[in-house]
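Note that ligands are numbered from 1 as they come in the structure, with each ligand's atoms numbered from 1 the same way. Heads up: numbering here begins at 1 and tracks the sequence.
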Amino acid sequence: MGKREDLRNVAIIAHVDHGKTTLVDQLLRQSGIFRANEAVAERVMDSGDLERERGITILSKNTAVKYGGTKINIVDTPGHADFGGEVERVLMMVDGVLLLVDAFEGCMPQTRFVLKKALGLGKKPLVVLNKIDRPGARPAEVVDEVLDLFIELGASEDQLDFPVAYCSAREGCASLDPSVPGTDMKPLFEMILNQVPAPEGDLGGPTQVLFSNIDYDEYVGRIGIGRVERGEIKVGQQVAICGGGEEGHRNAKISKLYQFEGLKRVEAESAKLGDIIAVSGITDLNIGETACTTDHIDPLPFVKIDEPTVSMLF
Ligand code: GDP
């Protein structure tokens with residue numbers, strides 16, 4: 001067994017417009033990944049044309065930042081209720097969840113929707129109150145609203161004991177004490193490192209990677225996005241693809257493997273327990289399937305997720 005103290009995997013969940021994109025921008029700016037003179041593109045996580053057109057986040061994208069010696073993978077979640085199943089799949093890849101709430105607007109329908117999913121999956125969200133710089137922001141009241149929502153959604157005692165960061169993503173500052181203004185994002189980085197569990201498991205065991213999402217790339221085709229749940233995976237490795245609610249398995253080869261760095265997907269030779277990766281070369285890969293060592297085929301349980309429609313939710 002082992003623990004990856006050098007890694008944290010988190011997702012940010014929020015109602016649309018509460019500041020997810022701005023927050024990730026700031027974490028990137030203030031992390032070790034970008035050099036000081038390197039500009040971060042505007043609205044980095046919303047760069048898809050379709051998203052811009054519709055004004056909502058459709059595809060989940062991953063970003064990784066570095067704080068001290070620790071890599072923090074930030075998995076974006078779709079904010080819109082139409083993509084309910086995807087929220088769960090994304091949440092299954094992470095050990096920690098940041099619930100981002102506008103300190104002026106308070107809890108909104110999508111706050112409730114994504115929080116319900118996170119609590120249901122047993123996640124222990126960290127609460128981030130954003131936009132505390134807004135005139136009329138009411139952080140204390142909104143924390144109470146958030147607490148009420150946790151209670152209403154049946155949070156466990158452990159989940160109810162959430163830490164709170166007070167933040168202005170726009171100004172790039174966070175504080176754990178609402179009466180003391182923050183000067184940078186350090187308190188939020190520290191909260192993530194201290195409160196989100198480091199991935200833990202069998203570092204030396206046979207390969208097991210659970211794919212939670214599928215993406216497409218115009219050059220390499222179908223890409224599986226998943227998390228290494230056991231052991232290590234390497235470029236060129238022969239694997240058995242199994243699970244996903246089906247019997248049997250088929251063999252495949254990992255032709256390319258990527259990890260996330262800043263906003264980029266970069267090629268890597270290998271990845272290990274806890275890493276969130278993208279792989280290409282498995283042309284018929286499906287969501288929910290597991291890649292295993294060929295002589296140790298043990299698929300992870302397939303979690304069937306219903307895709308609810310908006311009308312079913314509200
Ligand atoms: P997303 O939909 O959650 O990704 O939200 P965005 O990051 O796109 O932010 C929505 C709007 O809120 C934008 O106009 C941001 O500039 C603004 N915004 C984000 N963070 C802050 C903040 O800390 N303070 C203020 N005043 N505005 C913010």
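Identified under the ring pair (Phe, Tyr, Trp, His ring centres under 6.0 Å) test for residues 117-169, with sequence neighbours left out: Phe150-Phe162.
Taking any N or O of Arg134, backbone or side chain, none lies under 3.5 Å from an N or O belonging to ligand 1. Any N or O atom pair closer than 3.5 Å counts here, and Ala169 shares at least one such pair with ligand 1. Considering backbone and side-chain atoms alike, Glu171 places every N or O at 3.5 Å or more from each N or O of ligand 1. Remark: ligand 1 and Cys167 share no N or O pair separated by less than 3.5 Å (distance only, no angle test).
Using a 4.0 Å cut-off between charged nitrogen and carboxylate oxygen, Lys124 and Asp95 do not count as a salt-bridge pair. Taking the charged nitrogens against the carboxylate oxygens, Arg4 and Asp6 do have a contact shorter than 4.0 Å, which makes a salt bridge. Salt-bridge annotation for Glu269 and Lys256: absent, with no side-chain N of the basic residue lying under 4.0 Å from a carboxylate O of the acidic one.
Residue Asp133 touches ligand 1 through its side chain alone, judged by heavy-atom distances below 4.0 Å.
Nearest-heavy-atom check against atom 19 (C) of ligand 1 across Asp102, Thr22, Ile132 picks out Thr22. Looking at Lys131, Glu105, Lys20, Gln110 and measuring to atom 22 (C) of ligand 1, the nearest heavy atom belongs to Lys131.
Annotation for ligand 1: atoms under 4.0 Å from non-hydrogen atoms of Asn130 are 20 (N), 21 (C), 23 (O).
At a threshold of 4.5 Å between side-chain heavy atoms, the hydrophobic network of Ile, Leu, Val, Met, Phe, Trp and Tyr places Leu28 and Val266 in two separate groups.
Remark: Tyr258 pairs with no residue by the ring pair (Phe, Tyr, Trp, His ring centres under 6.0 Å) rule, at least two apart or across chains.
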